[in-house]
S.K.: 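What follows is a structure written as structure tokens; I'll ask about it next.
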Amino acid sequence: MKPRGYSIVKISRKAEATVLAGHPWVYDSEVFDDDGVTPDGGIVDITNQRGSYLATGYINRRSKIRLRILTRNANERIDHGFFRRRLQRAVDYRRRVMGEQFECCRLIFGESDGFPGLTVDRFGSVLVTQTLSLGTEQHKMDIITELVQVLAECGETITGVFERNDVSVRTLEGMEQGKGWLPVTGLSTDGSTDVIITENGVKYHVDIENGQKTGFFLDQKYNRQAVGSIASGLKVLDCFTHTGSFALNCALGGASSVTAADISEDAIATARSNAQLNGLEDRMEFLCVNVFDYLPTVKHGEYDMIILDPPAFTKSRGTIDSAIRGYKEINLRAMKALSGGGYLATCSCSHFVTDRLFCDMLRSAAADAGVSLRQIEGRQQAKDHPIMWNVPETAYLKFYIFQKM
């Protein structure tokens with residue numbers, strides 16, 4: 001191992017096993033010895049208690065995730081070339097697997113691409129970023145500037161980069177919250193924050209400044225397509241419609257009628273605007289309702305397809321039981337309401353609700369509803385949100401399509 005100049009942090013035997021298994025996080029309780037020399041956000045070498053090298057990564061003593069691993073190669077320097085190689089690999093991967101959808105996709109998916117806590121979504125010529133790691137925050141301008149250059153070399157023009165760092169987790173990492181255009185050399189810092197994209201042949205208004213997350217949920221791209229492909233001639237109810245994405249795919253897929261429901265007036269207004277953008281407003285109805293209150297009022301057979309795409313019902317292990325109860329209630333109601341032979345599309349976007357827990361909940365709901373479910377498809381997040389098998393946190397979206405028998 002060549003001299004590196006980084007200070008050393010020793011970790012516990014438990015953490016050593018986790019790191020050797022390929023997981024990129026070490027928690028605060030697993031740090032055995034830290035000389036405190038390197039400031040928060042800096043880079044340190046990580047060793048076991050005997051001093052044997054394990055990895056190199058960012059340190060942040062304000063975070064429960066004390067160490068975020070960048071590399072396990074003792075001879076790799078964290079420099080311009082390091083970031084450039086990872087960016088090139090991430091872009092090359094999306095160009096290959098996304099094909100014509102490359103224009104609107106997630107370019108950087110945090111740890112899956114070797115950039116701890118960094119999200120970069122592409123909406124046409126605009127990038128939207130979110131940074132949740134102090135170490136990455138200190139390198140973000142170099143990373144984003146280089147990403148724009150990598151895209152330019154592929155013939156992809158970026159006109160602006162908008163930052164969505166208005167999330168509370170940044171405070172826990174010791175960072176300020178905020179949002180706005182990043183001052184990347186040569187790019188605009190006063191463009192429109194209402195961007196129009198096309199996905200699966202459907203056009204959308206994307207509010208990159210005030211929309212949820214980065215403005216649009218790209219992870220359901222192919223799941224929306226799958227549901228739309230079987231919607232022809234069906235009466236469809238899209239619950240938790242948000243900006244109307246599943247509903248619009250069904251309408252474009254030839255559904256006989258589509259009802260889009262959401263508790264948010266702003267979401268319904270956006271969904272209606274998207275319907276108008278696609279010339280589908282005459283084939284769709286919009287309801288501003290609480291889905292938990294609305295589903296019990298739905299008459300049996302009123303809909304041939306019900307789509308359940310709720311927000312995450314839990315963001316911690318401590319509320320999993322409550323989340324399962326919520327998922328079961330809406331799925332049970334939907335199963336009872338569907339016509340015989342009708343279709344249920346249902347999902348969970350919470351990492352803490354595992355696929356096993358979600359499937360057990362569905363079996364219990366089906367038993368209580370007195371119905372049998374015939375699975376059509378079991379799906380996950382889109383390919384631009386790649387799952388690392390050694391990092392369970394990267395697998396979060398469970399999506400199933402059933403026929404009620």
Side-chain angles (χ1 to χ4, degrees), residues 202 204-207 210-213 215-217 220 223-224 227-228 231 234-253 255-278 280-315 319 322-339 342-350 353 358 361-362 365-366 368-369 371 399-402 404:
V202 181
Y204 298 94
H205 290 282
V206 177
D207 183 353
N210 299 306
Q212 291 188 29
K213 301 293 185 179
F216 189 76
F217 294 108
Q220 294 272 31
N223 300 336
R224 292 189 275 260
V227 170
L234 301 181
K235 297 174 292 184
V236 177
L237 171 63
D238 178 22
C239 299
F240 310 98
T241 193
H242 190 221
T243 55
S245 53
F246 277 103
L248 289 162
N249 275 264
C250 289
L252 196 66
S256 62
S257 67
V258 179
T259 300
D262 200 285
I263 196 171
S264 166
E265 293 182 359
D266 290 340
I268 288 296
T270 301
R272 184 178 284 109
S273 176
N274 285 332
Q276 294 169 349
L277 184 65
N278 289 276
L280 297 170
E281 65 270 28
D282 294 339
R283 298 162 58 184
M284 299 178 67
E285 178 185 7
F286 301 90
L287 298 178
C288 186
V289 294
N290 184 326
V291 168
F292 283 89
D293 295 334
Y294 179 66
L295 278 175
T297 71
V298 175
K299 298 178 182 177
H300 175 74
E302 188 173 345
Y303 297 104
D304 307 311
M305 175 186 283
I306 296 178
I307 303 161
L308 301 174
D309 180 24
F313 286 168
T314 179
K315 295 184 179 180
T319 55
S322 174
I324 293 296
R325 288 193 294 271
Y327 284 121
K328 182 174 179 178
E329 180 179 345
I330 58 174
N331 279 277
L332 175 63
R333 296 290 186 181
M335 291 175 194
K336 286 183 174 181
L338 274 171
S339 59
Y343 299 88
L344 172 67
T346 183
C347 66
S348 166
C349 61
S350 171
V353 176
F358 191 64
M361 175 278 299
L362 289 170
D368 288 356
V371 304
F399 189 94
Y400 288 91
I401 306 175
F402 299 103
K404 174 182 172 180

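Not measured: the values here are computed from a predicted model.
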S.K.: Side chains of T346 and L362: closer than 4.5 Å at any heavy-atom pair?
M.R.: yes
S.K.: According to the interplanar angle, ranging from 0 to 90°, do the rings of F358 and Y327 count as parallel (below 30°), tilted (30 to 60°) or perpendicular (above 60°)?
M.R.: perpendicular
S.K.: Taking all heavy atoms of V258 and all of A247, pick out the closest pair and write down the distance.
M.R.: CG1-CB, 3.5 Å
S.K.: Specify the closest pair of heavy atoms between H205 and N274, including all atoms of both residues, with the distance to one decimal.
M.R.: N-OD1, 2.7 Å
S.K.: In sequence, state the C-alpha distance, the side-chain angles, and the governing distance for L295 and C239, and then conclude on side chain to side chain contact (heavy atoms under 4.5 Å, CB included).
M.R.: CA-CA 9 Å; L295 278 175; C239 299; 4.2 Å; yes
S.K.: Please check: side-chain N/O of N290 versus main-chain N/O of I263, any donor-acceptor pairing under 3.5 Å?
M.R.: no
S.K.: Could you give the distance from OH (Y400) to CG (L308), rounded to the nearest 0.5 Å?
M.R.: 15.0 Å
S.K.: Please determine whether side-chain hydrogen bond (donor to acceptor under 3.5 Å, both in side chains) holds for the pair D262 and T241, giving the CA-CA distance in whole Å, both sets of side-chain angles, and the decisive distance to 0.1 Å.
M.R.: CA-CA 6 Å; D262 200 285; T241 193; over 6 Å; no
S.K.: Over all heavy atoms of both residues, which pair between P310 and C349 is shortest? Give the atoms and the distance, please.
M.R.: O-SG, 4.0 Å
S.K.: Which distance, rounded to the nearest 0.5 Å, do you find between the OG of S273 and the CD1 of I268?
M.R.: 12.5 Å
S.K.: Side chain of H242, backbone of A267: donor and acceptor closer than 3.5 Å?
M.R.: no
S.K.: Are Q220 and C347 close enough that some pair of their side-chain heavy atoms sits under 4.5 Å apart?
M.R.: yes
S.K.: For T243, enumerate each residue passing the side chain to side chain donor-acceptor pair (under 3.5 Å) test, keeping only those at least two apart in sequence or located in another chain.
M.R.: none
S.K.: Rounded to the nearest 0.5 Å, what separation is found between the OG atom of S264 and the CZ atom of F240?
M.R.: 13.0 Å
S.K.: Between V227 and M305, does a side chain to side chain contact (heavy atoms under 4.5 Å, CB included) hold up when you go through it step by step?
M.R.: CA-CA 9 Å; V227 170; M305 175 186 283; 3.6 Å; yes
S.K.: Assess the residue pair F313 and V353 against the criterion (side chain to side chain contact (heavy atoms under 4.5 Å, CB included)); give the C-alpha distance rounded to whole Å, side-chain angles, the decisive distance to 0.1 Å, and a yes or no.
M.R.: CA-CA 9 Å; F313 286 168; V353 176; over 6 Å; no
S.K.: Tell me, with the steps shown, if K235 and S339 meet side chain to side chain contact (heavy atoms under 4.5 Å, CB included).
M.R.: CA-CA 10 Å; K235 297 174 292 184; S339 59; over 6 Å; no
S.K.: Nearest 0.5 angstrom please: I330 CD1 to M361 CE, how far?
M.R.: 7.5 Å
S.K.: Starting at CD1 of I307, measure out to CG of L237 and round the result to the nearest 0.5 Å.
M.R.: 8.0 Å
S.K.: Measuring from atom CG of D266 to atom CG of N210, what distance do you get when rounded to the nearest 0.5 angstrom?
M.R.: 9.0 Å
S.K.: Has K404 got a side-chain atom pairing as donor or acceptor with M335's backbone, closer than 3.5 angstrom?
M.R.: yes
S.K.: According to side-chain contact (heavy atoms from CB on, under 4.5 Å), who are the partners of A275, at least two apart in sequence or on a separate chain?
M.R.: L248, E281, M284, F286
S.K.: Please find the pair of heavy atoms, one from A334 and one from L344, that lie closest to each other, and give the distance.
M.R.: CB-CD1, 3.9 Å
S.K.: Could you pull out the closest heavy-atom pair between P296 and R333, with the gap in Å?
M.R.: CG-NE, 3.7 Å
S.K.: Looking only at non-hydrogen atoms, find the nearest pair between L338 and Y303 and report the distance.
M.R.: CD2-O, 3.7 Å
